[in-house]
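Inspection log for the structure reproduced underneath, given as structure tokens.
Being a predicted model, the structure only gives us computed values, none of them experimental. In what follows, chains are A, B, ... by sequence order, proteins preceding strands, each numbered from 1.
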Amino acid sequence: MTSVRLDWAAAFAAAIALFPLPWYAGRAEALLPLLPDRPWLWPGLACLVAAAATALAAPRAGRGLVALAAAALVLLLLQGIAIGLPTTTWPIAEALFGAGVRQPAFGPGAAAALAAATMLIALGFARARAFNADATVALIAVAGGVSLALFVFLPILRVLVDVFVEAGRFSLAVAFDRLAAPEAWGLACLAGGVRCGVVWNTLLLAALTGVLSTLLGLAFALLETRGGLAHTGVFRALAVLPLITPPFVVSLALIVLFGRTGIVTALLWELFDIPRTRWIYGLPGVLLAQLLSQTPIAFLLLSAALRAIAPSLEESAATMGARPARVFATVTLPLLRPALANAALLGFVESLGDFGNPLVLGGEFDVLATRIFFAIAGARHEPGRAAALAILLLGLTLGAFWLQERWVGRRQYVTVAGKGDAGIPAPLPAGLRRLVSALAWPWAAFTAIVYAIILFGAFVHDIGRFDLTFTWRHFIEGFAIERSAFGLHFRGAAWDSLFTTLEVAAISAPITAFVGILLAWLFARTSFRGKGTLEFVTLLTFAIPGTVVGVAYVTAFNVPPLEITGTGLILILCFVFRNMPVGVRGGLAALAQIDRSLDEASATMGADAATTLRRVVLPLLRPAIVAALAYAFVQAMTAVSAVIFLVSARHNMATVYIVGRVEAGEISLAIAYSSVLIVLMLLVILIIDRVVGAARLGRRAAAPLVRVGA
Amino acid sequence: MIRFETVSKLFGATRAVDRVSFTLAEGTLTTLLGPSGCGKTTTLRLIAGLELPTEGRIEIEGRDVTALPAAERRVAMVFQSYALFPHMSVRENVAYGLIVGGMAKRAALARAEEMLDTLGLAGLGDRQPSALSGGQQQRVAVARALVLRPRVLLFDEPLSNLDARLRRRVREDIRDLQRRLGLTVVYVTHDQAEALAVSDIVVVMREGRIAQMGSPRELYDAPADPFVADFMGEANVIEAEVAAGPDGVARLVIGNHALEAPLTRQAAGRMRLAVRPEAIRLTPPDGTAGLPGTVRRAVFVGGHMEYEVDTPAGLLFATAPSSEPAVAAGTLVSLAFSRAIPLG
Ligand SMILES: Nc1ncnc2c1ncn2[C@@H]1O[C@H](COP(=O)(O)OP(=O)(O)O)[C@@H](O)[C@H]1O
Ligand SMILES: [Mg+2]
């Protein structure tokens, strides 16, 4: 069965690590000839060989195998971390193996050895009857844990360490200075000074975005569910757009409208002599952009929550003589409270993490995310300062995330009974109805204009200067294709980044979805010690802001043992680990709807976990897989915060390229490229839905369970 | 044969199954009976391998399976929800275990078809499970279990999702099948009538432990304690001073009344007795023997009459065939016991 296959797989991986594969990155030599002068490799490799031999020769050894394989993993990792470049090698390693000892980063051979050790640990656990004695379960859990440690926690830990390090020396005082710096916490603006600390800026912006987007979303949701309108589909259509729009594209449209030479600005100047200013660059502009993106999400959340309120509750209040305004205030609103808190916190967290909009529209108004970026990418490269700011941002985000889980997360499961609660939701009190209409309709119109500009701006000469002559110029500049003697020549400036983006998205999305769904299954359907922790930690990674991930990756993976900065691999890894938690959440929600006895029935009929997974669970999870695939793909195409640290000349991404065009003032090209991205994403989502999503499921007994919040 | 040796299963601090030991013989049908939450399902899942015991030892056919996962036990289970795979046809559902076990797909589907025939489901193989009635779905679940020729077949409340009319039929079908194939079956229910009707052995459970185990007759006639007495059909529990008499007929003193009643076993001294409703006879008061009482309530329920009688021993519940003349509420009567069960 599986466990038999796993021991051979592990032995094979160990064998190719030792013999044919080059151990180091960028070298051709296999390991064996190098071994005599590299004594630090001996202990780890010895453990690995012993573990592989144990796995093959002693099928009963469980705990012992775990110990050997874990020792191999830890020793191999440790020697890699301890001995790197001259600047990064630990003193203890120099003391042991001589001054000047160094080695390059891990290569394919080392990767195979680590994989072999991981498999052997899992196999050992399964043989020791842990993880339900199932090797597949053990492998998913162990591999999940090891890769989370390597690609999430070690990098974050690295950032944390960097806070304490100044010129190669460890210092508490330095860390304190950095974390408490006036740059972050200063209150000069209150005392008449120019600027306040960047932490306050960030918090102010996030709080405004959270509260205002929730209010606007509530207005839309009330109008949709209780406003007595026939055609509210337009809200839903508008609500999808921000999900497939690169985060800063809205900012572009705002510049086109309200910039110094913007359409509205020009009109105001000509008609009313209102002087041209740069008000859009700063808090108002960033806030506006974030509201445009966040309001639809708040709307979706709140409208689901409003639907889940049984009309009979409101009706019973009404039959007791309560007037509509009173019903709303005493029944509807209190029931909605958890959803409101959730929406506000979500807006808060999204705003904290947003990088694109403040970058494009922030002007003098800095937030943590942009400040971190400039500390790394600016003229003065200050990794210590960036690390401290990143830790502050991480702290804020985790705090908000913790609040959300603690305070509202537990109450976010709403079961919708299959039968449905007859009755009509209470109509809105007249005054409230006028108020929400006055809020919602202008905002909807504004949103529509913003997206119209993005579409329209791509096809006119210079929308920023109101030159509306039709042209293909921007598309030709970005996407020209010529036929040359050597075949097609993609001459347009945008092709390189577009190809990279598509490639990275196409590789990372399936991995993300697959890993996410596997982990969801692990969390929902198996039990083992430490599962709760692993699950919590997995979902927590979702809360880490992209900027922090970017800093962490660029510092941690710039030096041996894992030296992948500047490669396409780092982009793929970054997306996989950033987006996987969403797949996990989606999978968990979907699994909650699938009766557990289906898995169990499969088991009693002799299927091991891998077979059950393949034949029963995955087919039933198709909708969740499609959702995770689409999400991962869209994220890989639209994200900017983490990747802006990780792109290189060879591997540039579309969003980063667009940001570059904006900074160079080529707004029209940026807009044209953005609209191409949006159309491409729609296409890909449709294709994914067609190919993977053609699932015909019989009716299921369980009542559908709706998870509010992504 | 299934053997439990002091098996416990803890969920956190809850002892769902608490030091349970029993041996179930080959080829018998055993029911696990008890109120909701007493650990029946958990016991069944321990046999199936869907839960592994916290402590203790489980043997199936002489083999220690304590740590063996479900997939390797060859124990089949029919789930309460039937657990038919919604993305497979009925035939594919039945063939699933065979295919997973390595049989060629065509052969497996052919075997599945035969099994469907055997269970009277011929012609339904191409349907989706959701297109079948509840009774048919259950038979598919049984077919899916039997096609693997399991050593042990488990049922968790198999009648709970069926309408009342079907229940008796399905119950008899399961019993016939078990006898015909000589299967070892363990059957969970909370309905004592169902348990009495189908079982060779009944295991009454209470709060994770075995309250009593035996044949339906034994449990009905000689319950070990008031809980079992009450659970196995209704029982009136009476405090009495018992003095053994000749021929197993004892003299009972209740308060300052004395009467004679046959006991199910020898006993003497002050004790609690269980008296079944049908073992109480209402006669006109004649002033000599018997327990005096007043009929509080008389209800005609079709096959028999139900009476509540106020007596010095408390409010007693009695039944009488409706072929006998009914006694009106308010009538003074004298009660005689045709049988009494000493408890504890
Ligand atoms: N997976 C579980 N996690 C926690 N408690 C459980 C679990 N399964 C059962 N229990 C508890 O164990 C006890 C026995 O449950 P169960 O065997 O399902 O009872 P029954 O089938 O007799 O109604 C109950 O108190 C139940 O709440
Ligand atoms: Mg049960």
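Remark: B:T66 OG1 to A:R129 CZ distance equals 10.0 Å, nearest 0.5 Å. How far CZ of A:R596 is from OG of B:S81: 12.5 Å, rounded to the nearest 0.5 Å.
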Step by step, would you call B:L50 with A:T604 a side chain to side chain contact (heavy atoms under 4.5 Å, CB included)?
CA-CA 8 Å; B:L50 294 171; A:T604 58; 4.2 Å; yes
When you look at B:I99 and A:R615, which way does the side chain to side chain contact (heavy atoms under 4.5 Å, CB included) test go after all the steps?
CA-CA 11 Å; B:I99 293 173; A:R615 288 180 174 269; 3.5 Å; yes
Side chain to side chain contact (heavy atoms under 4.5 Å, CB included) between A:V616 and B:Y96, intermediate numbers included:
CA-CA 10 Å; A:V616 177; B:Y96 180 85; 3.5 Å; yes
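Considering all non-hydrogen atoms of both residues, A:A607 and B:A71 come closest at O-CB, 3.4 Å.
Most heavy-atom pairs under 4.5 Å with chain A: of the set B:L52, B:V100, B:V78, this distinction falls to B:V100.
With a 6.0 Å radius and a threshold of 12 heavy atoms from other residues, nucleotides or ligands, A:K531 has its NZ atom above the threshold. Other residues, nucleotides and ligands place more than 12 heavy atoms under 6.0 Å from the CZ atom of B:F11.
In this structure, the portion of B:L84 lying under 4.5 Å from any heavy atom of chain A is its backbone and not its side chain. For a residue to count as touching a neighbouring chain, one of its non-hydrogen atoms must lie under 4.5 Å from one of that chain's; by this rule B:R45 touches chain A with the side chain only. Looking at B:F85, both its backbone and its side chain come within 4.5 Å of chain A, counting heavy atoms on both sides. Of the two parts of A:S602, the backbone and the side chain both hold a non-hydrogen atom closer than 4.5 Å to a non-hydrogen atom of chain B.
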